[in-house]
Amino acid sequence: MRSHTCGELRGSDDGARVLLAGWVNRVRNMGGFCFLDLRDRHGMTQVVFEPENAELLEAAGRLHMESVIRIQGVVRRRPGAMTNAELPTGEVEVVATELELLSRAEVLPFTLEVEDTASEDLRLKYRYLDLRRPVKARYLHLRHRMAQAVRRTLDNLGFLEVETPVLMKSTPEGARDYLVPSRIHPGSFYALPQSPQTYKQLLMVAGFDRYFQIVKCFRDEDLRSDRQPEFTQIDIELSFGDEGDVQGVAEAVMAALFHDVKGEELSLPLPRMTWREAMDRYGVDKPDLRVPVEIQRLDHRAAGSAFSVFEQAAASGGVLRALVFKGLAAEFSRKKIDALQDYTRHLGGQGVVAVRWTEEGINSPIHKFTGEEWMEATLVEAGASQGDLVILAAGDFRLVCKLLGNIRLRVAREHGLVQTERHRLLWVTDFPMFEYDEEEDRWAAAHHPFTQPNREQFEAGVSPAELLSRGYDLVMDGQEIAGGSVRIHERDMQAKVFTMLGISDEEAREKFGFLLDAFRYGTPPHAGCAFGFDRLVMIFGETENIRDVIAFPKTNRAASPMDGCPGPVDERQLTELHLSIRGARPESGPA
RNA sequence: GGACCGGUAGUUCAAUCGGUUAGAGCGCCAGCCUGUCACGCUGGAAGUUGCGAGUUCGAGUCUCGUCCGGUCCGCCA
């Protein structure tokens, strides 16, 4: 069909007879002759139609953009001034001798530009057109290269790729499941996996001591710019190893990606930081180390401030923390500070105290309570000096972390404080084992219920609030790109953790009996992790939008404007599945 | 579940304080053009202003509702 792609002809091919096929990117009809840019995913080549062949020239002039054609012709080196330095094929053009229209294109619903000019819903509805644009196609090329690098690396390290079921049992912990009704078992449902967690642990019991899988996972939760209902994990598990072994493998994967994709050597091992330290210094469990501003601890100064909010924080065991933005006092007008307060309330806080230290002195709304002396001493202790903007927040530890952690990033982004020259990776370790679930009034697993608690603490009977886990997250540029843990492999310990989670023996047997049973027959100590592959591609592809790195993504409301899913089904199908719909049925899909 | 932003020719946008026939670029159609590469020039067609109510002499513009897209909070072990 074709002898070359549209991206490979060079000056050295001068004189060759070639067959090219592709899409008409653009036609430039000069009257006496005409130029045509022929495009495929490999590149673009200029085709010339000359007056010697009037019939061909006329046919070329009639072509529509995005029609698919095949041409036969002769490669010709372009005259010096006519070369196009912007194109890899720019030294040559193909003089057409034959033209075949393979598929005529109608006028497109939007024009294919370099920039994202068309609205996102149109581009999603005609995703196959959006993907013709090289700027979009490049994300899928990148994704492919990264997937290959991961497979090659893990294969070389002795990992076995095993596929696990997509239809599985619904489990109580964690995200909302996508459910699939069973035809054969009336009233019963499969769940789509939120991750292959239990299967990979069972593979360890089965003796496959090094497993991996690049696998789709599903969570029926609301979407975000970095969250889709179906997404891909690089899932890894190994036996007879601990945190260090898993982290070493994950680091090897990252090093391979840096090498293959960016041509850079990643310096290993990556730094480690405890969860507590990350929260104290950055206010989040996934610190962006590219921002050179840290939270300052001023807890001991809260009592004695004479400002009721701070005093209250001190009295109730809360904290007083600060962010110091060097030299930004002058840039923060009343309006910008108000915007920051709005943002704080949006995050669920009551507000923060913004202090500007200018040439005229210290400007803050709480002077009248604290007095000049307390304020200046506090600012100095926080490391501030004249010209700085200081944000103070007091109260519950988690809330203060959330407010200052987010403000740190927001101000850094708005004022160009993010040092983007190089990526910053680190491991965050020693996470809390449990988090208190206010709604359900019980302790919930911070990672998942198979995570091994810190053994010393566990044996000493430390309270759930204090207990740390053997979980770890890999963080890159402020994003969690992988998370994992050393798993529980002892039946007794697993039973105790279930108890701490308020899961009864019966419930544990009902939901996880197969795993507990498996542990009775010889279980190797094991540990693992899973990468969020989509987010990884986002970072390497330098996009903020997860839809960019997925071939056919869903909208914010988990629908696909392209194929109209989800949509209603025939009554007959419902009957087969023993289902009836409560309330009115939709007449058509959401798109 | 909540907050905010957006929706006007095929498309991207404009339309002053609510006021005459809703404009422009790209695309499309017709014609011209021998070195373009976002070719150029001339002319033309193209609109349920997302949808539904309301206010008004008069609504693209104001109000309410609703649908769709996006960002964020909650949620996401």
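Proteins come first, then strands; the chains are lettered A, B, ... in the order of their sequence lines, and each starts at number 1.
Remark: side-chain polar atoms of A/R77 are paired, donor with acceptor, to backbone N or O of A/G11 under 3.5 angstrom. A donor-acceptor contact shorter than 3.5 Å links the side chain of A/T5 to the backbone of A/G7.
Which of B/rG74, B/rC29, B/rC73 sits closest to the side chain of A/H64 comes down to B/rC29. For A/A118, whose side chain is taken as the heavy atoms from C-beta onward, the closest listed nucleotide among B/rC73, B/rG69, B/rU12 is B/rU12. Nearest to the side-chain atoms of A/S225 among the listed nucleotides B/rC75, B/rG70, B/rU71 stands B/rU71. In the set B/rG70, B/rA3, B/rC75, the nucleotide with an atom closest to the side chain of A/R227 is B/rC75. In the set B/rG70, B/rC75, B/rU12, B/rU12 carries the atom at the smallest distance from any side-chain atom of A/S119.
Distance check on atom C1': B/rA45 versus B/rG27 gives 13 Å, rounded to whole Å. Going from the C1' atom of B/rG7 to that of B/rG50 covers 6 Å, rounded to whole Å. Annotation: B/rG54 and B/rU61 have their P atoms spaced 14 Å apart (nearest Å). To the nearest whole angstrom, the two C1' atoms, one in B/rU16 and one in B/rA22, are 14 Å apart. One C1' atom belongs to B/rA46, the other to B/rC62, and the distance between them is 30 Å to the nearest Å. When the P atom is used for both B/rU8 and B/rC13, the distance is 8 Å, rounded to whole Å.
Between A/D14 and A/V92, every side-chain heavy-atom pair lies at or beyond the 4.5 Å cut-off. Here the side chains of A/R487 and A/K200 are in contact, with some heavy-atom distance below 4.5 Å. In this structure the side chain of A/W443 never reaches within 4.5 angstrom of the side chain of A/M500, judged on heavy atoms.
At a cut-off of 3.5 angstrom, counting only N and O atoms as typed in the model, there is no donor on one side facing an acceptor on the other between the side-chain of A/R557 and the base of B/rG70.
Counting any heavy atom pair closer than 4.0 Å across all strands shown, A/T171 reaches no nucleic acid atom. Residue contacts for A/R410: at a heavy-atom cut-off of 4.0 Å it reaches no nucleic acid atom on any strand shown. Using a 4.0 Å heavy-atom distance criterion, A/K125 is classed as making no nucleic acid contact.
Note: A/Y126 and A/Y128 have perpendicular aromatic rings, judged against thresholds of 30 and 60 degrees for the angle between ring planes. The aromatic rings of A/F431 and A/W275 lie tilted to each other, with the angle between the two planes from 30° to 60°.
Listed pair A/R224 / B/rC73 meets the phosphate criterion, a side-chain N or O lying under 4.0 Å from OP1 or OP2.
Salt bridge A/D222/A/R227: absent, no basic N to carboxylate O contact under 4.0 Å. A salt bridge links A/R127 with A/D130: the closest approach of a Lys/Arg side-chain nitrogen to an acidic carboxylate oxygen falls below 4.0 angstrom.
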Using nucleotides 7-10 of chain B, report all nitrogen or oxygen pairs with the protein that are shorter than 3.5 Å.
residue : atom : partner : partner atom : Å
B/rG10  : O2'  : A/P109  : O            : 3.0

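Toward the 5′ end of RNA chain B lies the nearest nucleotide of A/N556, the other residue of the pair A/A175 and A/N556 mapping further downstream.
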side-chain hydrogen bond (donor to acceptor under 3.5 Å, both in side chains) between A/D121 and A/S119, worked out
CA-CA 6 Å; A/D121 51 343; A/S119 68; 2.8 Å; yes
Can you build the contact string for nucleotides 34-41 of chain B? Use B for base contact, S for sugar-phosphate-only contact, and - for no protein heavy atom under 4.0 Å.
BBBBSB--
